[in-house]
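Every number for a ligand or one of its atoms is a count from 1 in the order of the listing. Fair warning: this is a prediction, and the values are worked out from it, not measured in the lab. Quick note: residue numbers are just sequence positions, from 1.
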Amino acid sequence: MFVLGIESTCDETGCAVVESGRIIHSNVVSSQIDLHAAYGGVVPELACRRHIDVIIPVLDEALHNAKISLSAIDLIAVAHGPGLIGALMIGLHTAKGLALALNKPLIGVNHIEAHLYAALMDLPSDATFPLLGVVVSGGHTSLIKMHSIGSYSLIGQTVDDAVGEAFDKVAKMLGLPYPGGPAIEALAKGGDPNRFPFRAGVVKGRPFDFSYSGLKTRVLYEIKGQNSDKNAPVVIQNSDIPDIAASFQAAALGDVLEKSLKACSAYGCNGTVLGGGVTNNKYLRSLFQAADLGVPIYWPAPELSLDNAAMIAGLGHARYLARGCGDGMDLSPQTRIPLGS
Ligand code: KG4
Ligand code: ZN
């Protein structure tokens, strides 16, 4: 079964052709980093316009790379949320147009669920549910008990910034380019993670929730002086910057590890699955590998960790086999959407 995946939830336009949910014949991603870099973050209206410009060329390239024609596609899977409303509409309307014109089934896929599915696409058959899902992206930070594909319970989530968003904002304070995650990681390699005593937040009575806004403010005060605002001049030396980056990274990602470890054991999970753009971070990977979780850890392949359409096609295939799809024409873009729908 050949599935065409379409992704346009934020600032990446993606189309992919995936066979039987696992064999990736093409996975084309057009990134908008160049467009948003000048603003230090994603500008929704610009994102939407760029999706319009590139979605058909990206589709053509995905079909070309896969050496397949549209008529050979059996199912269309599209990310219908969560995401930016205008951005979602472009992918969804493209998918609906194709489904109507080709008379093919269309299934809507949850983008966050797909980030977790990315690590399961070439899953060793020994993985046994329940699994702990750890989503670390630019828009989400959540711990999820995965009972099976399609059945989830939310264990905890961020009450303010997502972890990737905190990386992006700290990078902006340091004058680093957007997206900030890779820039902070690179700087942190030459820094001392113990120099500044940063800590991520604790949410009272909710041990599995995350909070990064206090950490972000603490970093701001270190860079610009106590009680300063974000427009104040930098007061630290250039030589301090790698230590700031390393100490921030250690605090933010150490918190993800600590809460994941506790949740994995408290919720009796047989493995941990990570998903989202922050899984690109090698320090995060080394933290998880060094900590003895006592269960296997599943990471997405590098080309599946940032936003992409292969994970959408993969999950679309799994969900279609499990429960078919309703009338795809009824799908609407969802800026927020419960997991599993
Ligand atoms: O999953 P993703 O592509 O988009 C969302 O669904 O949000 O994640 C993008 C986020 C950005 O915040 C980016 O800074 C972060 O992932 N990121 C990283 C790294 N690479 C990307 N964060 C830390 N270290 C990295 N190496
Ligand atoms: Zn994403």
Side-chain angles (χ1 to χ4, degrees), residues 5-14 16 27 29-33 36-37 39-42 44 47 79-84 87-88 91 109-119 133-142 157-158 161-174 176-189 191 193 200 210 212 215-216 245-246 248-257 273-288 299-312 314-315 335-337 339:
I6 300 180
E7 156 66 37
S8 72
T9 56
C10 188
D11 61 342
E12 259 97 29
T13 319
N27 186 17
V29 178
S30 169
S31 165
Q32 304 183 359
I33 286 175
H36 303 289
Y39 305 92
V42 177
H80 66 133
L84 303 170
L88 286 164
V109 164
N110 181 313
H111 174 89
I112 297 304
E113 187 184 353
H115 267 308
L116 290 176
Y117 189 79
V134 182
V135 179
V136 280
S137 76
H140 294 81
T141 304
S142 348
Q157 61 187 330
T158 181
D161 292 332
V163 63
E165 188 181 359
F167 270 82
D168 295 338
K169 289 179 176 167
V170 166
K172 200 171 177 180
M173 291 174 206
L174 291 169
L176 299 169
Y178 173 83
I184 297 261
E185 180 181 5
L187 266 179
K189 283 199 184 103
F210 298 89
Y212 293 109
L215 168 63
K216 207 180 56 190
F248 161 75
Q249 176 175 262
L253 300 183
D255 186 59
V256 172
L257 172 69
V273 182
L274 287 104
V278 183
T279 61
N280 259 333
N281 186 293
K282 295 199 176 57
Y283 178 80
L284 178 73
R285 293 196 180 219
S286 67
L287 274 183
F288 270 80
W299 297 92
E303 67 278 15
L304 298 180
S305 62
L306 291 169
D307 289 351
N308 68 89
M311 67 183 188
I312 305 297
L315 178 60
T335 53
R336 291 162 174 268
I337 186 172
L339 268 172

Describe, in one word, how the ring planes of Phe210 and Tyr212 are oriented to each other, choosing from parallel (under 30°), tilted (30 to 60°) and perpendicular (over 60°).
parallel
Residues at least two apart in sequence or cross-chain that pass side-chain hydrogen bond (donor to acceptor under 3.5 Å, both in side chains) with His140, listed by chain then number, are none
Going by the rule side-chain hydrogen bond (donor to acceptor under 3.5 Å, both in side chains), which residues pair with Thr13 if we only count those two or more places apart in sequence or in a different chain?
His51
Whether [X] lies under 4.0 Å from ligand 1, heavy atom:
{"X": "His140", "value": "no"}
{"X": "Cys10", "value": "no"}
{"X": "Gln249", "value": "no"}

For ligand 1, find out whether one of its N or O atoms is nearer than 3.5 Å to an N or O atom of [X].
{"X": "Gly138", "value": "yes"}
{"X": "Asp307", "value": "yes"}
{"X": "Pro179", "value": "no"}
{"X": "Gly164", "value": "yes"}

Taking every heavy atom of Ala252 against every heavy atom of Phe167, the minimum-distance pair comes out as CB-CE1, 4.3 Å
Shortest non-hydrogen contact between Ala162 and Gly139, atoms and distance
CB-C, 3.5 Å
Check whether any side-chain heavy atom of [X] lies under 4.5 Å from a side-chain heavy atom of [Y], and answer yes or no.
{"X": "Glu303", "Y": "Val29", "result": "no"}
{"X": "Leu174", "Y": "Val170", "result": "yes"}
{"X": "Ile312", "Y": "Ile6", "result": "no"}
{"X": "Met311", "Y": "Leu116", "result": "no"}
{"X": "Met173", "Y": "Lys216", "result": "yes"}
{"X": "Pro82", "Y": "Leu88", "result": "no"}

Just need the protein heavy atom nearest to [atom], so name the residue and atom and give the distance.
{"atom": "atom 22 (N) of ligand 1", "value": "Gly181 CA, 3.3 Å"}
{"atom": "atom 26 (N) of ligand 1", "value": "Glu185 OE1, 2.7 Å"}
{"atom": "atom 24 (N) of ligand 1", "value": "Asn281 ND2, 3.0 Å"}
{"atom": "atom 21 (C) of ligand 1", "value": "Gly277 O, 3.4 Å"}
{"atom": "atom 11 (C) of ligand 1", "value": "Asp168 OD2, 3.6 Å"}

Pair Asn281, Gln249: side-chain N/O donor-acceptor within cut-off below 3.5 Å:
yes
Ignoring hydrogens and angles, state whether a donor on the side chain of Thr9 or Glu7 is under 3.5 Å from an acceptor on the partner side chain.
yes
Please identify which atoms of ligand 1 are closer than 4.0 Å to at least one heavy atom of [X].
{"X": "Gly276", "value": "1 (O)"}
{"X": "Val278", "value": "15 (C), 16 (O), 18 (C), 22 (N), 23 (C)"}
{"X": "His115", "value": "1 (O), 6 (O)"}
{"X": "Asn280", "value": "20 (N), 26 (N)"}
{"X": "Ser137", "value": "1 (O), 5 (C), 6 (O), 7 (O)"}
{"X": "Gly139", "value": "7 (O)"}

Lys282 and ligand 1 - part of the residue with a heavy-atom distance under 4.0 Å:
neither
Taking Arg285 for its side chain and Thr279 for its backbone only, find out whether a donor-acceptor pair lies under 3.5 Å.
yes
For the Zn ion (ligand 2), which protein N/O/S atoms are closer than 2.8 Å?
His111 NE2, His115 NE2, Asp307 OD1
Those residues that, when tested against Ala310, pass side chain to side chain contact (heavy atoms under 4.5 Å, CB included) (two or more places apart):
Ala16, Val18, Ile24, Asn27, Leu304, Asn308
